[in-house]
Amino acid sequence: MISDLTEIKKVRKMLGLSQQDLAIQSGVSQSLIAKIEAGRVDPTYTHAKKIFDVLTTLKEKGSLKAQEVMNSSVVSIS
C-alpha cells in the first residue's frame with residue numbers, strides 16, 4: 001500500500017500514467033495532482049484517499065498472480 005504523498009509521482013510514473021490520467025480516474029483535478037507532487041499543497045484526506053485507492057488498485061491489477069504463471073502438471077523424480 002502507498003502511504004506517503006511523495007510516493008504518488010513515483011508510482012504514477014511506474015504505472016505509465018500521466019497526471020491527467022490519474023486525475024480522471026481518481027476524480028480530482030490535474031492541477032491538484034501537480035501541486036501534491038511538487039509539495040506545494042497538502043490534500044484533504046478524501047482527495048488523498050481517492051488517489052491512493054486508484055494507484056493501489058492499478059498496481060495490484062498489473063501484478064501477476066501465481067495461477068497465471070503456474071504449471072498445473074507437476075513433474076517429479078525420486
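Since the model is a prediction, treat every value here as computed from it, not as a measurement.
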Visitor: Using only heavy-atom distances, determine whether the side chains of Thr46 and Thr44 contain a donor-acceptor pair under 3.5 Å.
Guide: no
Visitor: Please report the shortest heavy-atom distance between Leu5 and Phe52, naming the atom on each side.
Guide: CD2-CZ, 3.9 Å
Visitor: Measure the spacing between CG of Leu17 and CD1 of Ile33 and express it to the nearest 0.5 Å.
Guide: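 Taking CG in Leu17 and CD1 in Ile33, the distance rounds to 10.0 Å.
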Visitor: Only counting residues at least two apart or in another chain, list the ones meeting side chain to side chain donor-acceptor pair (under 3.5 Å) with Gln25.
Guide: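 If we apply the side chain to side chain donor-acceptor pair (under 3.5 Å) test to Gln25, skipping adjacent residues, there are no hits.
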Visitor: Could you grab the distance from atom CG of Leu32 to atom OG of Ser26, nearest 0.5 Å is fine?
Guide: 8.0 Å
Visitor: How close do Ala23 and Ser29 get, counting heavy atoms only, and between which atoms?
Guide: CB-C, 3.7 Å
Visitor: Nearest 0.5 Å please: distance from the NZ atom of Lys9 over to the CE atom of Met14.
Guide: 15.0 Å
Visitor: Is it true that the side chains of Asp53 and Thr56 contain a donor and an acceptor less than 3.5 Å apart?
Guide: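 Looking only at side-chain atoms, Thr56 and Asp53 do not form any donor-acceptor pair under 3.5 Å.
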Visitor: Please step through side-chain hydrogen bond (donor to acceptor under 3.5 Å, both in side chains) for the pair Gln30 and Gln20, ending with a clear verdict.
Guide: CA-CA 5 Å; Gln30 180 273 328; Gln20 185 66 35; 5.7 Å; no
Visitor: If I take atom CD1 from residue Ile8 and atom CD1 from residue Ile36, how far apart are they, to the nearest 0.5 angstrom?
Guide: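 The distance works out to 5.0 Å.
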Visitor: Tell me, with the steps shown, if Leu15 and Asp21 meet side-chain contact (heavy atoms from CB on, under 4.5 Å).
Guide: CA-CA 11 Å; Leu15 294 170; Asp21 294 335; over 6 Å; no
Visitor: Roughly how far apart are Lys50 NZ and Leu22 CG, rounded to 0.5 Å?
Guide: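 Atom-to-atom, Lys50:NZ and Leu22:CG are 12.0 Å apart.
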Visitor: Rounded to the nearest 0.5 Å, what separates atom NZ in Lys59 from atom CZ in Arg12?
Guide: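 Answer rounded to 0.5 Å: 14.5 Å.
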Visitor: By side-chain contact (heavy atoms from CB on, under 4.5 Å), which residues pair with Lys35, not counting sequence neighbours?
Guide: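 Here the qualifying residues are Arg40, Val41.
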